[in-house]
Each structure stands twice: as structure tokens, then as C-alpha cells.
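The figures that follow rest on heavy atoms only: side chains count, while hydrogens, waters and symmetry mates do not.
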Protein chains: 2
Amino acid sequence: MTSGAADKRRLILDAAVRVFARQGFHTCRVSDIADEAGVAYGLVYHYFPSKEAILDTLFLERWEVMLAAIDEAAASDLAPREQLRAIASFIVDSYRHDPDLMKVIVVEVTRAANTFGRTHLEQIMRAYESMARIVAQGQAAGVFRSEVDATFAAQAFYGLIEQVLTQWIFSEREIPAEEFEHVKAELVEMICGGLDG
Amino acid sequence: MTSGAADKRRLILDAAVRVFARQGFHTCRVSDIADEAGVAYGLVYHYFPSKEAILDTLFLERWEVMLAAIDEAAASDLAPREQLRAIASFIVDSYRHDPDLMKVIVVEVTRAANTFGRTHLEQIMRAYESMARIVAQGQAAGVFRSEVDATFAAQAFYGLIEQVLTQWIFSEREIPAEEFEHVKAELVEMICGGLDG
DNA sequence: ATAGTGATTGACTCGTCAGTCAGGCACTCC
DNA sequence: GGAGTGCCTGACTGACGAGTCAATCACTAT
């Protein structure tokens with residue numbers, strides 16, 4: 001069956017997510033992935049040229065979806081603040097839906113300046129740029145102050161999101177649904193409203 | 001000479017900073033550190049029980065200084081906003097003074113949820129707590145809004161700083177002095193003032 | 001001198017793992 | 001039924017690198 005073949009590949013990718021999340025990319029063995037997938041060691045190399053290629057595939061698959069979501073928000077006719085909210089919402093929901101995958105992407109790629117972060121820098125930058133464009137539009141429309149550089153603000157926004165995800169990842173708790181919703185609101189409130197009162 | 005002994009230990013630590021920054025902790029070999037230090041392989045194990053212990057030492061040495069600086073700012077009678085500024089200033093200056101060391105701390109420890117971040121979680125948390133206390137004081141004094149949770153705001157603040165450092169680390173440029181000063185101001189402006197205009 | 005102490009050396013050991021490969025299995029088409 | 005094709009298997013290899021250790025050196029105290 002041809003669908004069986006595709007299934008095995010998926011099986012390996014999904015197993016890799018769990019293993020990378022649990023043990024980390026550097027610490028896990030390829031045999032751990034094969035075992036987790038319930039598949040022979042060699043089969044991993046039938047579908048992927050190397051261990052790295054598995055991580056690359058996982059990252060690119062998911063990041064593309066995220067870029068699309070960001071660009072969709074940016075292209076909508078929502079108010080700038082609501083566009084940011086939509087992005088925060090999408091990323092938080094990504095974590096909610098598949099925390100292991102988001103953990104792998106954040107810990108092993110996005111924050112790994114030495115290894116894969118370097119390789120995928122361009123993809124990562126593309127996300128920043130889209131967010132910066134939203135801020136710039138808001139500034140042009142006069143709803144955001146122009147004192148802060150748009151790129152810098154985008155960094156602050158994305159940095160805060162990643163910080164929240166990291167906090168969740170470290171904590172290893174089961175996050176309750178209302179915390180997800182609360183954080184979405186707090187996040188935008190923090191970036192837009194600031195601390196001064 | 002007894003000072004020679006201490007010198008060799010320092011020599012190894014300083015070499016390790018350069019090697020970790022250049023190649024990353026996981027990718028480098030202990031022999032790389034020994035070579036960089038101009039010292040025999042075995043001597044590394046005379047001063048340190050393991051490769052990890054070198055990284056631990058580097059992190060703890062520096063983090064202690066940082067915690068002290070944060071607590072000093074928090075204990076000062078500066079306005080809350082100026083206390084935050086002092087902290088931002090200290091961390092930015094740390095990067096300015098020794099970018100390699102800060103790179104190692106951020107990339108290999110602070111952002112590494114699987115390996116060393118886990119081990120040093122307590123130390124890292126201590127920094128967050130001190131910053132959160134500053135925000136809470138500001139809120140109690142009425143100069144900061146109470147809409148945002150103090151811990152969350154501290155996360156945003158530290159997250160933004162780390163994001164800026166990461167940006168510098170990735171970029172591999174020589175950062176001009178005025179950019180350091182500009183960022184210090186922009187950072188506090190962003191967190192306190194927010195985007196809304 | 002001689003012995004003792006701690007620094008220093010680098011060749012060696014030993015476990016670990018990414019990646020290979022020779023073959024087995026299932027399914028199809030003549 | 002036999003030959004071809006692609007999926008699948010897991011034992012094996014070869015490299016690599018952390019940590020060990022026995023020997024040497026430098027310096028001090030007796």
C-alpha cells in the first residue's frame with residue numbers, strides 16, 4: 001500500500017517530536033526515535049538522510065504555517081492592536097495544541113544560535129519583518145507611538161511570546177485553558193499599554 | 001609559584017569562553033579548550049571534574065555578579081523606572097564588556113531548557129523575582145499600572161533584554177557604542193511607555 | 001642530597017552512536 | 001512461478017571524544 005509508506009514517515013516525524021521534546025536533540029539517539037516510532041533503526045535512514053534532516057523537516061513544516069498565519073493577520077483589515085492579538089493567539093494556540101512540537105522549535109531551533117538557529121535564520125527573520133510591518137502601519141495610522149523603532153517593538157513582542165512559551169516549557173505543568181486565554185490578553189496589554197500609569 | 005596554578009585555571013576558563021562561544025558547548029571538544037588555553041589535555045581534568053563543570057563555573061561566576069547588581073538596583077532609592085534602567089544598563093554593559101561570555105550564558109544556559117537551564121533554574125528564577133519585586137513596588141507606589149501582573153511584566157522586561165542580546169549574538173556585527181546606549185533607553189521606553197499613543 | 005607535594009603532560013581506553021549494507025519480505029505484473 | 005520493485009530490518013562498522021593514568025617536572029622543606 002502506498003499510504004502505508006507515507007504513514008511510516010509521519011510516524012517517524014511524530015515520534016521524533018516526542019523524543020526531541022523529552023531528551024533534547026543532542027542527547028537523544030536515532031535509535032530512540034526508531035523505538036518510539038515502533039520502527040526499525042534503518043527505516044529512519046530510508047526516509048531521512050540524517051538526524052538533522054528530521055529536525056529541519058519538523059521546523060520548516062510548522063514555521064511555514066506560522067508565517068502564513070502572521071501574514072494573514074497582517075493583511076487583514078483588523079486594527080493593528082488586534083492584528084498583534086491574532087498573532088499572539090495563533091502562537092499560544094500552537095503551543096496549546098502541540099506543546100512538544102513548539103518546545104522543539106523554540107528550544108532546538110529558534111533559541112539555538114550555534115546550531116540550527118543559524119541555518120534557519122532567514123525563516124526566523126521573515127517572521128520578525130512581518131510583525132515589524134504591522135507595528136509600522138500602526139505608527140503610520142497614528143494609533144501607535146513613533147518613539148519606538150518598529151523593528152525593536154516587533155522584537156519585544158516576539159521576545160515576550162517566546163519568553164512566555166519558555167516559561168511554560170520549563171515549568172512542565174499542564175497549563176489550564178483559562179491561563180492560555182489570559183496570557184493572550186495580558187501579552188497585548190503589556191506591549192501596547194506599557195507599565196506607566 | 002602558587003599564582004601560576006591559579007593562572008592556569010583562569011587560562012582554561014577564559015579559553016573555554018572563547019571556544020564555547022565559537023563552536024558551542026555540545027560541538028566543541030575538551031581538547032579544543034586545552035589547545036586554546038595552550039595547556040595539556042589532562043590539565044583541564046586537574047582543575048575541573050568534567051566539561052560540564054567548566055560551563056557551570058562560568059555561568060555561576062557571572063550570574064552571581066548579575067544578581068548582586070540587580071539587588072543593588074532594587075535596594076536603591078531610585079525611581080522604579082530608573083531601577084529598571086540600571087538593570088538594563090548593567091546587562092547591556094556586560095555584553096559590551098565580554099560578548100563571548102554573555103553569548104555562552106544566554107545560548108548555552110539561560111535558553112537551554114533541556115540541559116543546563118534545568119540545572120540552574122533556581123538561579124535564573126532568582127533574577128526574575130528581584131525584577132518582579134521592582135515592578136510590584138512601582139505599582140504599590142502608583143507610578144506603574146496594576147493591570148499587568150508584576151511577574152509577567154518582569155518576564156517581559158527580561159525577555160526583551162535577552163531578545164536584544166540574541167539579536168546581537170546572531171548578527172555577529174561589531175556593535176557601535178551609541179547603539180548600546182540607544183538600546184538601553186529604548187528598552188525602558190518600550191516596557192514602560194508601551195506602543196499605544 | 002633526598003624526599004615529598006602538587007602541577008603538568010599526552011598517549012591510551014572504552015563506551016557510544018550516526019550512518020551503512022546485505023539481505024528479507026510483500027506485493028504486483030507478466 | 002518468477003522476476004522486479006520498493007518497503008523494511010537490525011547487526012555491524014568506523015569515527016570520535018570524554019575521561020583516565022602512569023610518568024615527568026618544578027619547587028620546597030628537611
Side-chain angles (χ1 to χ4, degrees), chain A residues 1-60 104 107-109 112 114-116 118-120, chain B residues 1-59 104 107-109 112 114-116 118-119:
Chain A
M1 37 172 159
T2 62
S3 74
D7 284 349
K8 286 288 169 69
R9 200 185 123 97
R10 234 328 87 207
L11 217 56
I12 291 167
L13 284 171
D14 291 344
V17 169
R18 273 171 273 136
V19 173
F20 288 162
R22 195 192 312 131
Q23 305 176 233
F25 178 81
H26 288 285
T27 340
C28 83
R29 290 163 294 184
V30 173
S31 67
D32 292 333
I33 300 173
D35 290 351
E36 177 83 23
V39 135
Y41 186 91
L43 195 63
V44 174
Y45 286 91
H46 181 71
Y47 288 109
F48 301 95
S50 69
K51 190 185 174 189
E52 290 200 8
I54 302 175
L55 181 55
D56 282 351
T57 305
L58 288 171
F59 169 75
L60 288 172
V104 170
V107 172
E108 306 292 349
V109 185
N114 279 304
T115 41
F116 299 99
R118 180 110 279 130
T119 321
H120 295 118
Chain B
M1 38 175 159
T2 63
S3 74
D7 284 347
K8 285 287 168 69
R9 201 186 122 96
R10 242 310 102 204
L11 216 57
I12 292 168
L13 283 171
D14 292 345
V17 168
R18 273 171 272 137
V19 173
F20 289 160
R22 195 192 313 132
Q23 305 175 235
F25 178 81
H26 288 286
T27 340
C28 83
R29 290 163 293 184
V30 173
S31 68
D32 292 333
I33 300 173
D35 290 351
E36 177 82 25
V39 137
Y41 186 89
L43 194 62
V44 174
Y45 286 91
H46 180 72
Y47 288 109
F48 301 96
S50 69
K51 191 183 174 190
E52 291 200 7
I54 301 175
L55 182 55
D56 284 350
T57 304
L58 288 172
F59 169 74
V104 169
V107 172
E108 307 292 350
V109 185
N114 281 305
T115 41
F116 299 99
R118 179 113 278 130
T119 320

Can you tell me if the side-chain N/O atoms of [X] get under 4.0 Å from OP1 or OP2 in [N]?
X       : N      : answer
A:Tyr41 : D:dG10 : no
A:Lys8  : D:dC8  : yes
A:His46 : D:dC7  : yes

Q: Just compare D:dG19, C:dA18, C:dT9 and give me whichever is closest to any side-chain atom of B:Ala40.
A: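 Comparing D:dG19, C:dA18, C:dT9 against the side chain of B:Ala40, the answer is C:dT9.
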Q: Among the candidates C:dA18, D:dG19, C:dT9, find the nucleotide nearest to the side-chain atoms of B:Leu43.
A: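 Looking only at heavy atoms from C-beta outward on B:Leu43, the closest nucleotide is C:dT9.
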Any side-chain heavy atom of [X] within less than 4.5 Å of one from [Y]?
X       : Y        : value
A:Arg29 : A:Asp32  : yes
A:Arg18 : A:Asp14  : yes
A:Phe20 : A:Val107 : no

Could you tell me the separation between the [atom1] atom of [X] and the [atom2] atom of [N], rounded to a whole number of Å?
X       : N      : atom1 : atom2 : value
A:Lys51 : D:dA15 : NZ    : P     : 20 Å
A:Ile33 : C:dC17 : CD1   : P     : 12 Å
B:Asp7  : C:dA7  : CG    : P     : 13 Å
B:Phe25 : D:dG17 : CZ    : P     : 14 Å
A:Asp32 : C:dT16 : CG    : C1'   : 12 Å
B:Ile54 : D:dA18 : CD1   : C1'   : 11 Å
B:Arg9  : C:dG6  : CZ    : C1'   : 16 Å
B:His26 : C:dT16 : NE2   : P     : 18 Å

Q. Is any side-chain N or O of B:Tyr47 under 3.5 Å from a base N or O of C:dA7, one able to act as donor and the other as acceptor?
A.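 Answer is no: no donor-acceptor pair is held.
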Q | Worked verdict on B:Cys28 versus B:Arg22 for side-chain contact (heavy atoms from CB on, under 4.5 Å) | A | CA-CA 9 Å; B:Cys28 83; B:Arg22 195 192 313 132; over 6 Å; no
Q.
I'd like to know whether B:Leu13 forms a side-chain contact (heavy atoms from CB on, under 4.5 Å) with B:Arg10, so could you lay out the CA-CA distance, the side-chain angles of the two residues, the decisive distance to 0.1 Å, and finally the verdict.
A. CA-CA 5 Å; B:Leu13 283 171; B:Arg10 242 310 102 204; 3.3 Å; yes
